[in-house]
Each structure stands twice: as C-alpha cells, then as structure tokens.
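Structure, as structure tokens:
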Protein chains: 2
Amino acid sequence: MTEPLVWQAPQPERADAARNRQHLLATAREMLAEAGPERLTMDALAERSGLGKGTVFRRFGTRTGIFVALLDDAERDFQEQMLGGPPPLGPGAPPIDRLAAYGEARMRFLMDNRDAARAALLGRLPVPAGGLPASLSHTHIRMLLGLIDLGPADLTVLTAQLTAALDVPLLRYLSATDADHAADQVTDALANGWRDLVRRVCRP
Amino acid sequence: MTEPLVWQAPQPERADAARNRQHLLATAREMLAEAGPERLTMDALAERSGLGKGTVFRRFGTRTGIFVALLDDAERDFQEQMLGGPPPLGPGAPPIDRLAAYGEARMRFLMDNRDAARAALLGRLPVPAGGLPASLSHTHIRMLLGLIDLGPADLTVLTAQLTAALDVPLLRYLSATDADHAADQVTDALANGWRDLVRRVCRP
DNA sequence: GGCAGAAGCGGGGTAAAGTCCGCTTACGAA
DNA sequence: TTCGTAAGCGGACTTTACCCCGCTTCTGCC
C-alpha cells in the first residue's frame, strides 16, 4: 500500500464533497486573481465560500494543497496537448525535439500560472514514502529519455537532474520581488537555455 | 546599493550581539542534535538560551535563517578546501575535473549536515531583489564553467541549471521519510550522476 | 421508505512564526 | 568620566496554519 503522490481526498468522493471542492476551487481562483496569493488564507477562503475551516483542510490537506489543486486543474489541458496533441509537443516528433518543446511549453505554462506555481512548488513538497517522486513532469521527461539513445546512463538520476534544471531556474526568477518586470525576455532566455541543455546532454 | 545575498545582521555587530549570536548558534546546534529540526522552534530556542524571542528574530530574521546560519558555519572549512585545498577540488586540476569533484564534495557535505541542509534549502529562499541569486555554490560553478570552452552558451542560465541539478535531487532524497535508509548508496548514485552530467554537458 | 454507518462538516482550540515598541546597554567622542 | 545616541533587547501581541471531535448528512441496502 503506497501513499498517494500528492495529498488527495480519499477516492470515491461524496456528492456534497465534490460540490464543495469545485466551489472552493472557484472561490480560490477568484481570490487569487483579485488579491494575490498572500491574501488567500485558509480562514478567508472558508469564510468567503461560506464553509467551515475544517472543510477546507479536509479537501486540500494544507494551504499548499490549494495551490497544487489549482495548478493541477490548469494543467489538465496542457497535459492533453502533451500526450495527444500535434508535434513537436505531442507524439510524432523525434524524442529530443519533444523534450525541448516540452521544456518550453512547461515554462510558459508555469509563467502563465505564476502565482499558483510559485506557491505550489515552493511550498514544502509532500514526498511519497520510500521512493523517488513522480510528478507529471518527471514522468514525461523520463519517458522521453527512455526513447533516446544515451549510451550508459542512470536514467533515474538524469531525470531528476533535468526536472530540477527545468523548474528551479524559473521558480527562482518567479520568486524575485520584481518578477513581472521583464517576464518575456527571461522566459525566452530560459527556454533557449533548456533547448541548449537538452542538446548537450542528448547528443551522441 | 544591493541587497545582501541572504539575510544577515547589519554590518558592525555590537559585542553583546556577537556574543548572543554565538550562544544562539551553539544552542541551536545542541537542540538540532538532541531533538531534530522540527523541535527547533523560535520560542524554544529563545527560552533555552535565556534570551528574548525578539532577539532571536533580530539575529536570524526567520526560522529558516537559523538553519542557513548553521549551514554557513559548517561550510566555512569546506569552502577553504574548495578555494585553496589540493586538486581535484582545489585549483590545479582541469576545470571539468574540479567541477565533477565539487559536486561530489558538496553532496557529501549536504549529506553530513542533512538536517540543517533540508531546512535551510527547502525553506522559502530569500531572493535578492532585481537579479539572479549567487550562493557560494552558484558562484563556484559559474567560475568553473567560465574556465571551460563550451562553445556558444548562456553561462548564466547554464549555471542556474547545473546548480539546481546538483542540489535538488539530493534534497528530494533528504526529504523522503526514510532518508537514512540507504544514504551511502544514494549519495554514490547521485555523485556518479553528477559526474556523468558534467561530462555530457562539457564535452566538446 | 427506513436504517446503519461511513463520510463529511463546522468552528473553537492550539502552537508557532513574525511584529512592535518602550526600555536598556554598549561605546565613540568630548 | 560623562554623555548622547544608535544598537540591541524582551516579551506581549497578532496572525495563521493546522488539529480535534461532536454533530449532521449522504448513500447503499433491505
């Protein structure tokens, strides 16, 4: 019996619970847009949504859990593009190109959801007991690396390294106090850097 | 006028302040060794050291600041090895070898100070306004990369990527609930992975 | 429909981070 | 030595995440 990857409510959710979850997510999104992440407190969310504090915690586990849920939600269609959309992001292109394209797409995605991304990814990560983590990003990168001929390589470690190299520089930037200043240039530089890193790592 | 890299008390510290700082650090180290990081609260540290809570915050800024200070302290002699010790860690070896050796050394260092490292690096990083960060690790890696012929490359981004690829996988492991289980094997695997990554990135 | 018991709910309670501000102390200059 | 003042100190206060547990509401089953 393994722990779930990230915190989540037990499987078969009762109808009222599901309704509340949706309501809470919608309210959270509103509050985030209106007043920024630091104003999104558990008490405020409970009050504004007309539910009890206990309920909020039951649904999301921790404050970070709210941002993770928000990001998951936004990630859903991004994920579809990734798994079944047109190349180079979707299947059909050579895996190295898909890897490069994936990095750029993920960066733009995180950038577009910067508030949630910052709070979700900087918050203390829930780590599954007894194993290495497997976020969506991690899984996808590992899958693509498996399709590339890399010679002798420890794919587990390489995946962890590349996942970190993809997310962390952007997160660092997003945490800077003036993160909105030159957002596009920075994103471009990071996307180019990712492309270059992939090329260096994967060339024969 | 730039912000300091990490939070620190204003420059010329009064004698009583310096004494208190040392006393607090020593007490913190004791508490960490005796009861683990989660028991090291600001209140507890203040009480045990016989000082006021305000003083603790004045010295370290935030809770994370204490772990950062602890780690900095431990890092001092490691740093000397790095800057002036024998090759391949110190100067004299080819920069690629130094880079590889540095990664392994840093991993062992973080592993030896895992409690402080985890708390310091997972805690919300204080990010300097208006620029990319420059931790000791970051600076050293950037310096070494500057000595290597990499062809066209954005060294700023590459440095951020490699710094992340070095620290994050280990931190993830350190955050796992059973982090002490197979510590040495994991460290070895990560060190090998780092060596391999450096080789891939830096080969002509 | 009625029932049992699990799932969900609410909101008061606790602990710990971080702030504030009036009092005290070190220390350079006269 | 004395004095002015900036630095330091302490601890009450505020805020907020997170826990607890008695009560309520679903929902599958007869």
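So that the names make sense, note that chain A is the first sequence line, chain B the second, and so on, each numbered from 1.
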Would you mind writing out the side-chain donor-acceptor pairs for residues 87-102 of chain B within the sub-3.5 Å range, not counting sequence neighbours?
{"residue": "B:Arg98", "atom": "NE", "partner": "B:Leu89", "partner atom": "O", "Å": "3.3"}
{"residue": "B:Arg98", "atom": "NE", "partner": "B:Gly90", "partner atom": "O", "Å": "3.1"}
{"residue": "B:Tyr102", "atom": "OH", "partner": "B:Ser137", "partner atom": "OG", "Å": "2.9"}

Restricting to salt bridge (charged side-chain N to carboxylate O under 4.0 Å, His left out), what partner residues turn up for [X], sequence neighbours left out?
X	value
B:Arg106	B:Glu75, B:Asp167
A:Glu30	A:Arg48
B:Asp154	none
B:Arg63	none

Whole-Å distance separating the [atom1] atom of [X] from the [atom2] atom of [N]:
X	N	atom1	atom2	result
A:Arg58	D:dC21	CZ	P	14 Å
A:Phe60	D:dT16	CZ	C1'	18 Å
B:Glu47	D:dG10	CD	P	13 Å
A:Leu24	C:dC9	CG	C1'	12 Å
A:Arg59	D:dC19	CZ	P	15 Å

Going 5' to 3' along nucleotides 23-30 of chain C, which nucleotides have protein heavy atoms under 4.0 Å from the base (write B), which only from the sugar-phosphate (write S), and which from neither (write -)? --BSS---
Heavy-atom contacts, protein to nucleotides 11-20 of chain C, under 4.0 Å, summarised as B (base), S (sugar-phosphate only) or - (none) per nt, yield BBB--SBBB-
Who are the side chain to side chain donor-acceptor pair (under 3.5 Å) partners of B:Asp115, not counting sequence neighbours? B:Arg118
Within residues 182-194 of chain A or reaching into it, pairs that qualify as side chain to side chain donor-acceptor pair (under 3.5 Å) - sequence neighbours excluded: A:Arg108-A:Asp188
Would you call B:Asp16-B:Arg19 a salt bridge at under 4.0 Å N-O? no
Between A:Asn20 and C:dG8, is there a contact of a side-chain N or O with OP1 or OP2 at under 4.0 Å? no
